[in-house]
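Reviewing the structure listed below.
Values reported hereafter were calculated over all heavy atoms of this structure, with side chains retained and with hydrogens, waters and symmetry mates removed. Every chain is numbered from 1 and lettered A, B, ... according to where its sequence line falls, protein lines coming before strand lines.
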Number of protein chains: 2
Amino acid sequence: MRTDATEVLDSAIPVLAKDRAASMQVIASRAGISRATLVRLFPTRKLLVQAMAEKILNDCDKILARAEADAAPMDQVLTALVAEYTPFAQLWNLVYIEPDVSGLPEASTRAKAIFLRTVKVMERGQNSGLLRNDMPGTWLASTFCGLAETAWELTLEGHMGARQGPDFITAILLHGVSA
Amino acid sequence: MRTDATEVLDSAIPVLAKDRAASMQVIASRAGISRATLVRLFPTRKLLVQAMAEKILNDCDKILARAEADAAPMDQVLTALVAEYTPFAQLWNLVYIEPDVSGLPEASTRAKAIFLRTVKVMERGQNSGLLRNDMPGTWLASTFCGLAETAWELTLEGHMGARQGPDFITAILLHGVSA
DNA sequence: TGCAATTGAAACATCGATGTGTCAATAGAG
DNA sequence: CTCTATTGACACATCGATGTTTCAATTGCA
C-alpha cells in the first residue's frame with residue numbers, strides 16, 4: 001500500500017489552513033499515516049507547506065487563465081469563476097498566514113500576482129457595466145475571496161452543503177443579503 | 001514610564017490575529033517593550049491570549065446588546081451594528097484560530113453565543129422583510145462576519161481607510177457588488 | 001538629590017516539535 | 001511462496017519558545 005503523496009497533501013491542506021501550528025504528528029494522523037511516513041514523503045515541514053502552496057497556486061493559475069480567456073458575457077465568466085472558488089479560499093487561508101510560504105519570494109510573488117489578476121477580472125466586470133463602479137476593484141476582489149472563505153468555513157462547519165457554496169457566493173456577491 | 005497593559009493588549013491583537021504562532025518576543029517587540037516586561041504583565045502566553053479574547057468578547061457583547069435592545073427599523077439597527085464591526089473581525093480571526101481560546105470552555109461558549117445572537121439579529125431582519133428569506137440566518141450572519149474580516153484586512157493592508165470600512169460593509173452586505 | 005519602583009538584559013532549565021536513524025512487521029510483485 | 005520495498009514504532013539529538021530568576025540601569029516621585 002504505497003502512500004500517495006497527493007492524497008496526503010489534500011488531507012493536509014484543510015488541517016494546516018485551520019491551524020497553521022498543527023504539528024507533523026497531527027497532520028500525519030489526519031492523513032492516516034505515521035509521522036515517519038509523512039517525513040519520508042516530505043523530509044521537512046517547510047517542504048510540505050511549500051508543496052501545498054504550489055498545488056494551490058497552480059490550481060488558481062489555471063482557473064484564472066480560464067476566466068481571462070473567456071470571451072463570454074461577464075456574468076457568465078463570474079459564475080464560472082465562482083464555481084471553482086475552493087482553491088481561492090484555501091489560498092488565502094494558507095499562503096497568506098504561513099510564514100514558510102510568505103517567506104518564499106516565489107510563492108509570495110505568485111500569490112500577489114494571482115490577486116492582481118483577480119482584481120483585473122473584477123475591473124473587467126466594472127467596465128462591462130456588470131459590477132458597481134463606486135469602489136476600487138481591489139475591494140471587489142477581496143470581497144470575492146472573503147466570500148469564498150466564508151462559504152468554505154460554512155461547509156467545514158456543516159452549515160452548508162458542498163454543492164451550495166457556489167450558488168451562495170454568486171447570490172450574495174451580486175445582490176447582497178437584501179430581500 | 002509604567003507600561004499600560006491595555007495598550008500592550010491592543011497592539012498584540014493584530015499581531016496574533018495575523019499569525020497565531022507569533023512568539024512572545026515578537027509580540028513584545030511590536031508593543032515596544034522587552035519580553036521580560038511582557039511576561040510580567042502576562043505571566044503566561046495563555047493568559048495573554050485569554051485577556052485578548054476577553055476584551056474582544058466584552059466588546060462584542062456590548063455591541064450586540066445595543067443592537068438587540070434597539071427598537072428602530074432594522075436597516076438602522078444593521079447600520080449601527082456594522083459601524084462597530086472591528087471587534088467582530090478580530091473575534092473570529094482570533095478566537096476561531098487560537099487553541100488557547102477555543103480550548104477554553106468559557107471563551108468558546110461565549111463566542112458561540114455571540115454568533116447565535118448575531119444570527120438572531122439577522123433573523124429579525126428577515127422577519128422584518130429587510131433581508132432575504134431564501135437562505136438560513138446562519139449564512140447571513142457568517143456573511144456579515146466574513147465581510148467584517150475582509151474590511152479589516154483591507155484596512156490592515158492599506159487598501160482601505162479605517163473610516164471607509166462600515167460604509168463598504170453596509171453597501172456590499174445590502175446590495176452586493178452589482179452595478 | 002535620594003529612594004523606591006519599574007524596566008531591560010541575560011542566564012538557565014524545561015518542554016514540545018522537528019529531523020535523523022534503526023529495526024521489526026507487512027504488503028505486494030515476481 | 002519468496003523476496004524486496006514500504007511502513008510503523010521507537011529512540012535520540014537538536015532547536016526554538018517558554019517560563020523563571022537575577023541584576024544593573026532607568027524612570028519617576030518624595
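Proximity note for M24(B) (side chain, C-beta onward) versus dT18(D), dA9(C), dG8(D): the nearest is dT18(D). Looking at the side chain of R35(B), the nearest of the listed nucleotides dG19(C), dA11(C), dG8(C) is dA11(C). Checking dG19(C), dG19(D), dG8(D) against the side-chain heavy atoms of T44(B) singles out dG19(D) as nearest. Considering only side-chain atoms of S23(B), the nucleotide from dA9(C), dG19(D), dA17(D) that sits closest is dA17(D).
The CG-C1' distance, from L41(B) to dG8(C), rounds to 13 Å in whole Å. One interatomic measurement links the two molecules: CD1 of I33(A) to C1' of dT26(C), which rounds to 17 Å at whole-angstrom precision. Atom CG of L48(B) is separated from atom C1' of dT18(D) by 13 Å (rounded to the nearest Å). One interatomic measurement links the two molecules: CZ of F42(B) to C1' of dT18(D), which rounds to 16 Å at whole-angstrom precision. If you take CD of E7(A) and P of dT7(D), they are 12 Å apart, rounded to a whole angstrom. The interatomic distance linking L38(A) (CG) with dT20(C) (P) rounds to 13 Å, in whole Å. Distance, Q25(A) CD to dA9(D) C1': 11 Å, rounded to whole Å.
V26(A) and V49(A) fall within the same hydrophobic cluster, where Ile, Leu, Val, Met, Phe, Trp and Tyr residues are linked whenever their side-chain heavy atoms come under 4.5 Å apart, directly or through other members.
Within the 4.0 Å cut-off from OP1 or OP2 of dT7(C), at least one side-chain nitrogen or oxygen of T3(B) is found. OP1 or OP2 of dG8(C) lies within a sub-4.0 Å distance of a side-chain N or O belonging to T37(B).
Residue R40(B) places no side-chain atom within donor-acceptor reach of the base of dG19(D), judged by atom type and a 3.5 Å distance cut-off alone.
Considering T170(B), D70(B), L173(B) as possible partners of L78(B), the one that fulfils the side-chain contact (heavy atoms from CB on, under 4.5 Å) test is L173(B).
We find that E84(A) and R66(A) are joined by a salt bridge, their nearest charged nitrogen and carboxylate oxygen being less than 4.0 Å apart.
Here Y85(A) and F144(A) keep their ring centres 6.0 angstrom or further from each other.
A donor-acceptor pair is defined here as one N or O able to donate and one able to accept, closer than 3.5 Å; such a pair exists between the side chain of W139(A) and the backbone of H159(B).
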